[in-house]
There are 2 protein chains.
Amino acid sequence: MSKPTIADLAKAAGVSPTTVSHAFSGRRYVDPETRKRIEALAETMGYRPNHRARRLRTGGAGSIALVSSMPFAVAAGPSRLGFLMEIAAAAAVAAFSRDIALCLVPPLGPRDRLDALEVDGAIVVEPERNDPVLDFFSDRGVEVVSIGRAPGREDLPFVDLQSGTTARLLLDHLFAGGGQIGLMTGLQRRNSYLEVEAAYAAFAAEAGFAPLAVRVDERGGEQAAAAAAETLLRENPALSALCVPVDAFAAGALEAARIVGRRVPEDLRLATRYDGMRAKLAKPPLTAVDLHLDQVAAAAVDLLLARLGQPCPEPSLPPPPSLVLRASSAQAGT
Amino acid sequence: MSKPTIADLAKAAGVSPTTVSHAFSGRRYVDPETRKRIEALAETMGYRPNHRARRLRTGGAGSIALVSSMPFAVAAGPSRLGFLMEIAAAAAVAAFSRDIALCLVPPLGPRDRLDALEVDGAIVVEPERNDPVLDFFSDRGVEVVSIGRAPGREDLPFVDLQSGTTARLLLDHLFAGGGQIGLMTGLQRRNSYLEVEAAYAAFAAEAGFAPLAVRVDERGGEQAAAAAAETLLRENPALSALCVPVDAFAAGALEAARIVGRRVPEDLRLATRYDGMRAKLAKPPLTAVDLHLDQVAAAAVDLLLARLGQPCPEPSLPPPPSLVLRASSAQAGT
DNA sequence: GCCGCTATGCAAAACGATTTGCATGACGCA
DNA sequence: TGCGTCATGCAAATCGTTTTGCATAGCGGC
């Protein structure tokens with residue numbers, strides 16, 4: 001005989017399905033004696049509620065999605081796999097401890113595939129301006145929160161990645177009393193770039209150096225960044241430091257420095273944003289920023305749950321980013 | 001008014017729900033005229049079938065879990081994050097294209113949490129001997145497949161990681177006509193270690209060198225490996241090569257070689273198994289093996305789906321592992 | 001007139017839980 | 001006796017599909 005249903009259990013216990021349901025859910029009073037009998041019987045019969053039936057009735061899906069609009073081929077390339085997957089791992093832990101499942105959703109190819117997806121809500125990682133993923137979920141009435149503000153969608157709840165603060169942290173450190181700092185970001189219009197670029201412009205004005213910012217096509221990866229950095233360094237011998245938020249780009253910049261014969265950090269100081277394996281393993285290791293992604297992810301989960309009206313801890317604000325000092329930006333004096 | 005149901009659509013089209021269902025599923029003939037009317041109406045009304053109801057009726061699966069028994073703290077540490085997450089990304093893509101969701105499940109802390117998990121099946125990544133995760137799912141009657149054979153659970157379906165072949169590939173390459181090769185594995189009893197150790201023993205016997213194998217505690221990470229490798233190298237000056245399947249350990253071995261003054265590859269040839277960022281970014285870059293994890297993951301998904309009786313492509317055998325030659329094992333002649 | 005056949009479509013029974021409204025008995029109280 | 005009120009539990013409706021078995025009509029052939 002296949003899996004016992006609530007009716008089987010009820011019959012065995014000599015009560016009605018209603019009573020069994022109440023015994024488990026606690027939504028109505030059930031005689032403790034009866035309940036104990038039911039529970040014992042459930043244990044021995046191996047009864048567990050059919051989640052498909054339950055969900056049909058209650059309408060809950062019990063799961064949330066984690067989505068990046070960037071194709072895995074790119075996102076999972078050496079460049080962003082770390083970032084995305086670090087968030088995924090942390091979000092899975094957070095979601096799990098709140099008794100819901102985290103579904104990893106690859107970015108949309110043929111749009112209709114997503115139709116089959118049954119989730120109560122979605123977390124979108126660093127959406128771009130006009131990100132199709134956001135529209136998709138909005139159209140379907142699926143609750144969405146983003147990690148990193150969604151440019152142009154200020155209505156959406158989000159957990160801030162504090163890219164402005166991060167940039168400021170890096171620039172303050174790199175400037176250290178003088179010089180000219182260059183900036184390298186990407187072509188996509190994600191909020192983190194926008195904030196970084198704005199912070200950079202403000203900082204340059206304050207510090208009194210001429211801003212020097214380039215944008216590199218993400219698809220070109222490390223090589224494209226190396227090429228761009230090489231040009232930048234050759235044309236601007238006065239550059240004393242480079243702020244390169246994308247870690248793969250920073251690796252490219254490191255290579256470019258080597259090629260043009262600039263020692264890091266002596267002749268050029270370098271720092272990146274995401275403190276992943278790349279930053280740690282680079283030679284010299286790259287100064288980076290601890291974004292506290294685990295807490296960011298947990299906050300995103302809680303925020304989403306709160307929006308869904310689920311009972312969950314009050315979404316906490318993740319701590320501000322903090323600098324991780326490494327050799328790539330060590331100062332002469334230290 | 002909320003989402004239209006099949007009944008709403010049927011009423012609007014002037015037919016019965018049955019006909020609508022048949023029109024979409026094609027399980028019975030429906031007049032093409034009628035069908036066209038239904039489809040057009042569905043489009044304008046925004047009808048989409050309720051998956052919860054459908055699954056309740058058909059019993060179809062909605063989601064599968066991906067689990068590693070290793071704590072995320074370890075699995076997601078620099079060492080294994082890459083391996084696990086590369087599989088996760090590929091599995092998500094494969095699952096998604098089969099219209100089911102992939103849930104990322106953190107390893108069991110307090111066991112009971114998993115109770116809340118509602119999945120139709122699970123993929124377990126490189127289970128250990130007596131892995132509690134396997135028992136857990138078996139107890140619940142959740143279908144399980146593993147990536148990498150489960151030691152002691154030969155009854156479970158699995159997708160082979162071909163660790164024996166992999167080891168052979170590495171050893172053949174490292175041996176290249178002579179010398180003595182050392183082996184460094186971990187303490188856990190995963191199948192990949194067992195197969196590697198067996199292949200190593202056989203190879204040493206064949207090639208006629210004295211086997212020299214050490215096991216390092218995974219929790220010690222790169223440092224522990226470096227320490228072990230240093231001892232190994234000092235005590236065995238004759239060692240010509242080191243086969244170190246775990247990439248973090250290989251990084252440690254590289255460091256040890258530097259410390260004891262052995263140049264890689266001139267004085268010591270080194271190769272690892274997993275071709276992740278670690279192997280690629282090492283100095284010199286590490287010879288590794290392409291395990292074709294994307295295809296392994298897809299095969300695991302299909303295998304699981306087949307076990308669940310879902311319609312899905314015939315599970316394909318992933319291609320055999322192939323060597324990725326890098327500087328760490330370059331031969332003198334080449 | 002009867003049979004068999006195809007084409008088309010409907011009614012109703014699943015699927016397995018949750019939830020609403022009602023029933024019954026016991027009891028207290030006037 | 002009559003009335004209100006707990007305490008306990010059940011029957012039946014509901015969620016939105018899919019699927020089985022039957023119904024009707026039209027038509028050809030004998």
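Note: hydrogens, waters and symmetry copies are ignored here, and every other heavy atom, side chains too, is used. Computed from a predicted model, the values in this text were never measured in an experiment. Numbers restart at 1 for each chain; the letters A, B, ... are given by sequence-line order, proteins then strands.
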Any side-chain N or O of [X] less than 4.0 Å from the OP1 or OP2 oxygen of [N]?
X	N	result
A:Thr58	C:dT18	no
B:Thr34	C:dT8	no
A:Tyr29	D:dT8	yes

Nearest to the side chain of [X] - [options]?
X	options	value
B:Thr19	D:dG9, C:dG9, C:dT19	C:dG9
B:Asp31	C:dG16, C:dG9, D:dT18	C:dG9
A:Thr18	D:dA11, C:dT18, D:dT18	D:dA11
A:Pro49	C:dA17, D:dT18, C:dG16	C:dA17
B:Ser16	D:dC10, C:dC10, C:dA17	C:dC10
B:Val15	D:dT17, C:dT20, C:dC10	C:dC10

In whole angstroms, how far is the [atom2] atom of [N] from the [atom1] atom of [X]?
X	N	atom1	atom2	value
A:Leu56	D:dT14	CG	P	14 Å
B:Arg37	C:dG9	CZ	P	8 Å
A:Lys11	D:dG9	NZ	C1'	18 Å
A:His51	C:dC15	NE2	P	17 Å
A:Arg27	D:dT8	CZ	C1'	18 Å
A:Glu33	D:dA7	CD	C1'	15 Å

| Check: B:Arg28 side chain, D:dG21 base, donor-acceptor under 3.5 Å |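 Answer yes: a donor N or O sits under 3.5 Å from an acceptor.
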| message | Between C:dT18 and A:Arg57, counting only base atoms on the nucleotide and side-chain atoms on the residue, is there a donor-acceptor pair under 3.5 Å? | response |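 Counting by modelled atom types and ignoring angles, a donor-acceptor contact under 3.5 Å is found here.
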| task | Using only heavy-atom distances, determine whether the side chains of A:Ser192 and A:Glu126 contain a donor-acceptor pair under 3.5 Å. | result |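 Note: A:Ser192 and A:Glu126 side chains meet the donor-acceptor criterion.
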| said: When you measure from the side chain of A:Ser25 to the backbone of A:Ser21, do you find a donor-acceptor pair of N or O atoms at a distance under 3.5 Å? | reply: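 Indeed, once roles are kept as given, a pair shorter than 3.5 Å links the two residues.
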| request: Using atom types as modelled and distance alone, determine if a side-chain donor or acceptor of B:Arg52 lies under 3.5 Å from a backbone N or O of A:Ala53. | output: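 Between the backbone of A:Ala53 and the side chain of B:Arg52 there is no qualifying donor-acceptor contact (under 3.5 Å).
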| task | Pick out which of B:Ile123, B:Val105, B:Val144 makes a side-chain contact (heavy atoms from CB on, under 4.5 Å) with B:Ile64. | result |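 When side-chain contact (heavy atoms from CB on, under 4.5 Å) is applied between B:Ile64 and each of B:Ile123, B:Val105, B:Val144, only B:Ile123 qualifies.
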| query | B:Leu304 and side-chain contact (heavy atoms from CB on, under 4.5 Å): which partner among B:Leu308, B:Asp302, B:Val301? | reply |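 So the option named by the test is B:Leu308.
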How would you label the contact of [X] with the nucleic acid (heavy atoms, under 4.0 Å): base, sugar-phosphate, or nothing?
X	answer
A:Arg55	nothing
A:Tyr47	sugar-phosphate
B:His22	base
A:Ser25	nothing

